[in-house]
Chemist: 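Here you go, one structure.
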Amino acid sequence: MEKRVVAFAEGDGIGPEIMGAVQKILAAAQAPIEWSPVVLGKQVYESGHSSGIAPEAWETIRQTRVLLKSPLTTPQGGGYKSVNVTLRKSLGLYANVRPCIAYAPFVVTRHPKLDMVIVRENEEDLYAGIEHRQTDDVVQCLKLISRPGCEKIVRYAFEYARKNNRSKVTCMTKDNIMKLTDGLFRQVFEEISLEYLDIQTEHMIIDIGAARIADTPERFDVIVTSNLYGDIISDIAAQIAGSVGLAGSANIGEHGALFEAIHGSAPDIAGQDIANPSGLLMAAVQMLVHLGLPDHATLVQNAWLKTLEEGIHTADIFRAETSQVLVGTQAFADAVIANLGEVPLLLPSACYSMPEESQELPSAAVATLPRPCARKELVGVDIFLHWRGTCPEELAMRLQKLGPACMRLALITNRGVKVWPGGFAETSCIDHWRCRFLPIGTKTIVHGDILGLLTAMDMAGLDFIKMENLCQFDGVPGYALAQGQ
Ligand code: NAD
């Protein structure tokens with residue numbers, strides 16, 4: 001059988017131990033893989049690459065188009081970007097697929113029927129990593145949500161559900177608060193759901209959704225959500241299934257794929273041979289399916305299930321009442337190898353096949369819907385100021401003096417709450433003021449009017465830190481009202 005070249009990164013913390021265990025199992029299963037090592041993470045940061053990825057690693061990954069990666073440690077503090085996020089975004093790996101399954105009664109869980117797949121958007125949201133310190137007291141992280149981004153991930157979730165005989169897709173957002181960003185995600189979900197009438201759909205606000213995952217996870221099948229919410233709920237789901245050490249994930253894009261465990265580098269247990277390699281092993285099973293090696297995927301997963309059934313458990317899932325033998329990382333791998341060719345007796349056995357159940361989607365499936373450009377009309381501007389004063393009336397008076405003839409100060413907010421005109425003395429204010437200017441009467445405004453306003457602010461010694469144009473798109477306002485407006 002022709003060998004598939006796969007890049008692998010040993011990672012940080014427990015990474016080298018669990019990668020060694022997984023590669024040993026795949027070798028014993030005679031998976032036709034030629035491994036191409038890349039170094040990512042801590043060592044690379046320390047050698048001066050703030051991205052955590054050296055140019056030669058990019059070259060290998062872009063050639064192989066498939067990467068099996070152990071977890072990486074992102075150094076705390078500024079100056080370092082997360083390699084994980086950089087890899088996913090630079091390679092266009094827009095879908096993060098995280099199956100979370102209970103293995104009761106062999107792995108203790110209060111939720112024996114838990115069997116869900118979380119499809120998490122991987123390129124946008126607060127993970128765009130666009131952050132700024134704007135004033136003495138305020139830092140900002142930009143939440144970016146795009147229509148093409150939503151369409152790709154929502155369509156992927158529906159296609160995944162269909163291909164894997166799953167009957168329901170639940171969308172989770174916080175659109176009651178973030179009406180434009182999360183509202184767009186939900187709107188796209190509702191539009192695309194009309195193309196998949198064979199699949200049941202529902203929407204939940206993320207807070208009650210997360211609570212229900214923790215309480216009655218068996219009611220969920222496929223969940224589609226944005227980047228941050230997906231990251232959080234998949235850890236909850238994996239943990240209540242038995243351990244964060246059990247779940248693997250696939251990061252899928254049109255040009256490549258990256259497979260990893262959902263957990264981190266677990267520095268607290270690194271180097272002790274006690275980590276559970278199952279998460280990375282399940283990621284490797286997803287990778288074998290992706291590579292068109294369904295028989296090897298089936299062989300490995302069934303040997304792993306049989307090992308769980310035999311009660312051969314690492315410390316994170318070892319419980320006196322259900323486990324038989326407490327093993328370390330390498331002994332667990334040896335037990336899986338000894339079970340190659342076996343199938344589980346009680347747990348549902350794996351049976352992957354080609355090509356229908358491949359999780360890779362044809363590129364047409366992720367094509368975004370063609371849309372005409374909207375008619376965009378400039379109707380005002382929000383200018384954000386770093387101002388150390390405390391009295392909104394005083395700021396309003398200064399701003400009213402400099403407004404150009406075509407625009408008037410309409411509103412001042414502080415942390416999104418209206419403080420002028422007619423604010424409350426009780427509202428606590430910080431040094432970050434949003435000042436909204438609207439046209440006077442029916443006048444139309446142009447970019448030059450905004451430039452004039454900014455220049456006047458500069459001359460008046462006002463420190464503007466950011467501006468946002470207020471636009472209508474086909475007559476619909478593309479901006480939110482202030483709280484209390
Ligand atoms: P973590 O997932 O590393 O650890 C959380 C807890 O789970 C710890 O108690 C740990 O011992 C335990 N745990 C994790 N994996 C385990 C396994 N395989 N077997 C047994 N127990 C396991 O989360 P953290 O401590 O918040 O993060 C540590 C580092 O990992 C951070 O630098 C973070 O940025 C990084 N991280 C990386 C990834 C990734 O590479 N994809 C994902 C998450 C976190």
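Order of appearance sets the numbers: ligands from 1, and atoms from 1 within every ligand. These numbers were taken from a predicted model, which means no experiment stands behind them.
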Chemist: Suppose I only count heavy atoms of A275 and a 4.0 Å limit; which atoms of ligand 1 are within that range?
Modeler: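 So the atoms of ligand 1 that pass are 19 (N).
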
Chemist: Name each donor-acceptor pair under 3.5 Å that joins a side chain in residues 169-176 to protein atoms two or more places apart or in another chain, with its distance.
Modeler:
residue: T170; atom: OG1; partner: E202; partner atom: OE2; Å: 2.8
residue: T173; atom: OG1; partner: D175; partner atom: N; Å: 3.3
residue: T173; atom: OG1; partner: D175; partner atom: OD1; Å: 3.4
residue: T173; atom: OG1; partner: H203; partner atom: NE2; Å: 2.7
residue: K174; atom: NZ; partner: D207; partner atom: OD2; Å: 2.6
residue: D175; atom: OD2; partner: R186; partner atom: NH1; Å: 3.2

Chemist: At what distance is the nearest protein heavy atom to atom 27 (O) of ligand 1, and which residue and atom is it?
Modeler: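 The answer is G264 CA, 4.5 Å.
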
Chemist: Name the one of D231, D125, D235 that satisfies salt bridge (charged side-chain N to carboxylate O under 4.0 Å, His left out) with R120?
Modeler: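 Result: among D231, D125, D235, D231 is the only option passing the salt bridge (charged side-chain N to carboxylate O under 4.0 Å, His left out) with R120.
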
Chemist: Checking contacts here: is it the side chain or the backbone of D268 that comes within 4.0 Å of ligand 1, counting heavy atoms only? Could be both or neither.
Modeler: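 It is the side chain that touches ligand 1; the backbone stays farther off.
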
Chemist: Taking non-hydrogen atoms only, is A315 closer than 4.0 angstrom to ligand 1 via side chain, backbone, both or neither?
Modeler: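 Answer for A315: neither.
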
Chemist: Ignoring hydrogens and angles, state whether a donor on the side chain of E159 or Y196 is under 3.5 Å from an acceptor on the partner side chain.
Modeler: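 Y196 and E159 do have a side-chain donor-acceptor pair below 3.5 Å.
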
Chemist: Could you check whether any heavy atom of P267 sits closer than 4.0 Å to an atom of ligand 1, since that is the contact criterion I want to use?
Modeler: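 Within the 4.0 Å threshold, so yes.
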
Chemist: At under 4.0 Å between heavy atoms, which part of I18 makes contact with ligand 1: side chain, backbone, both or neither?
Modeler: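 Neither part.
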
Chemist: Between V244 and ligand 1, which residue portion shows a heavy-atom distance shorter than 4.0 Å: side chain, backbone, both, or neither?
Modeler: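 Side chain only.
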
Chemist: Regarding atom 22 (C) of ligand 1: of the candidates I269, N276, D316, which has the closest heavy atom?
Modeler: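 Nearest option to atom 22 (C) of ligand 1, by heavy atoms: I269.
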
Chemist: Salt-bridged, E191 to R147, with N to O below 4.0 Å?
Modeler: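 Answer for the salt bridge query: yes.
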
Chemist: Could you pull out all residues at least two apart from E59 that satisfy salt bridge (Lys or Arg N to Asp or Glu O under 4.0 Å)?
Modeler: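 So E59 forms no salt bridge (Lys or Arg N to Asp or Glu O under 4.0 Å) with any residue.
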
Chemist: Between F189 and F158, is the ring centroid distance below 6.0 Å?
Modeler: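 Ring centres of F158 and F189 closer than 6.0 Å.
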
